[in-house]
Amino acid sequence: MTWLESLILGLVQGLTEYLPVSSSGHLEIANALFGIQGEENLTFAVLVHTATVCSTIVVLWKEVEILFRGLFRFTWNSETKYLAKIALSMIPVGIVGLFLKDYVESFFGNGLLLVGIMLLVTAALLTFAYYARPRVKEDISYRDAFIIGLSQAVAVLPGLSRSGTTIATGLMLGNKKEQVARFSFLMVIIPILGEALLDLMKGGFSPAESGLSVPVMIIGFLAAFVSGCLACKWMLRLVNNGKLVYFAIYCVAMGACAIIYSFVH
């Protein structure tokens, strides 16, 4: 992998992790175009996913700090309740990640045909959320947190946007836009770090075997981190303004291109 490819892939990951267009799907498309695969692909994916987690913490640092302050008061307050909802939302994706991920990947595969189809599904979800009748709730309930968590577990499929799926689910359940966006970004921190840890334990992060140079890894990490910070802030504004439906059009176009490319090659 060259430094330019690392820069492009890092930007792709950082931007698409938060925008509802599927980071895994876009990385799959970019890897196919650049011919990147094997250990090089896995190691770089772990690296840039970790970078986007860092960008989430930076952008939402005030919320993270408030939650931890509330947690260490050791009382059942609003912060611990919110953390309990986040923990509840992580149960489905934790089960999938620990016990079903390899089966899901082997069953569905990782080809561009699947990516294209899932991008079309993402477009449908964003459209449904846009036209859903608003029933604004004061707080995200435990029930809604678990349902949003289920949608995150389904979004392990490449091409199905995690942020798009969880935010669309939260909106269709009648939750406030700004609450759903923040909950969606905060709930993913532990699962992504957990996935990175699993890959480390399985040997998926292997800089020496991947052949990636230190400058290439640094460029990829910084590109994903900086673009992730910008995309996270932008996405929060977009959700509040109710403009996610425009990404549905983009997902349809990219999905169609991925499907066509899969048949041509």
Side-chain angles (χ1 to χ4, degrees), residues 13-28 52 56 59-60 63 82 85-86 88-93 96 104 108 114-192 228 231-256 258:
Q13 165 62 27
L15 291 172
T16 57
E17 179 64 41
Y18 300 102
L19 300 180
V21 294
S22 177
S23 61
S24 60
H26 278 70
L27 279 180
E28 196 70 35
T52 51
T56 305
V59 173
L60 298 177
E63 287 84 350
Y82 194 87
K85 292 173 184 177
I86 290 179
L88 182 64
S89 73
M90 293 189 303
I91 292 175
V93 75
V96 171
V104 170
F108 288 100
L114 175 64
V115 169
I117 294 172
M118 290 299 104
L119 281 170
L120 297 181
V121 174
T122 298
L125 286 171
L126 294 174
T127 304
F128 288 145
Y130 179 75
Y131 288 107
R133 186 177 179 180
R135 304 186 313 277
V136 178
K137 301 177 182 178
E138 290 301 319
D139 296 299
I140 295 175
S141 66
Y142 289 98
R143 168 184 167 274
D144 288 358
F146 185 73
I147 294 174
I148 294 172
L150 288 173
S151 69
Q152 179 178 234
V154 175
V156 298
L157 294 171
L160 190 57
S161 169
R162 186 207 60 81
S163 63
T165 302
T166 54
I167 290 174
T169 300
L171 292 176
M172 286 188 284
L173 290 170
N175 293 284
K176 291 181 179 179
K177 298 173 182 177
E178 61 273 13
Q179 290 181 346
V180 171
R182 282 178 169 78
F183 188 81
S184 172
F185 294 155
L186 288 171
M187 70 186 283
V188 77
I189 293 176
I190 300 301
I192 290 182
C232 186
K233 292 181 179 179
W234 186 28
M235 185 63 178
L236 289 171
R237 290 197 297 268
L238 286 173
V239 174
N240 291 338
N241 294 331
K243 295 182 178 179
L244 292 184
V245 70
Y246 297 114
F247 288 100
I249 301 172
Y250 173 83
C251 287
V252 168
M254 285 299 294

(message) Within this structure, what is the OG-CE distance for the pair S163 and M235, rounded to the nearest 0.5 Å?
(response) 4.5 Å

(request) Carefully, step by step, assess I148 and S89 under the rule side chain to side chain contact (heavy atoms under 4.5 Å, CB included). (result) CA-CA 6 Å; I148 294 172; S89 73; 5.6 Å; no

(request) Looking only at non-hydrogen atoms, find the nearest pair between M90 and M187 and report the distance. (result) CG-O, 3.8 Å

(request) Verify, without hydrogens or angle tests, whether Y18 (side chain) and W234 (backbone) share a donor-acceptor contact under 3.5 angstrom. (result) no

(message) I need the E17 CD to S22 OG distance, nearest 0.5 Å.
(response) 9.0 Å

(request) Answer yes or no: is there a donor N or O on one side and an acceptor on the other, between the side chain of R182 and the main chain of L236, under 3.5 Å? (result) no

(message) Between D139 and K85 (salt bridge meaning N to carboxylate O under 4.0 Å), is one present in this structure?
(response) no

(request) Ignoring hydrogens and angles, tell me if any N or O in the side chain of T165 forms a donor-acceptor pair with the backbone of S161 under 3.5 Å. (result) yes

(message) Tell me whether the count of non-hydrogen atoms from other residues, nucleotides or ligands lying under 6.0 Å of OH in Y142 goes above 12.
(response) yes

(message) Strictly distance-based, threshold 3.5 Å: is any side-chain N or O of N175 a donor or acceptor partner for the main-chain N or O of G170?
(response) yes

(message) Would you compute the distance between atom OG1 of T122 and atom CG of L244 and round it to the nearest 0.5 angstrom?
(response) 12.0 Å

(request) Taking all heavy atoms of M118 and all of L160, pick out the closest pair and write down the distance. (result) CB-N, 3.4 Å

(message) To the closest 0.5 Å, what do you measure between SG (C232) and CG (L19)?
(response) 10.0 Å

(message) To the closest 0.5 Å, what do you measure between CG (L171) and CG (L125)?
(response) 11.0 Å

(request) Starting at CG of L60, measure out to NZ of K233 and round the result to the nearest 0.5 Å. (result) 10.0 Å

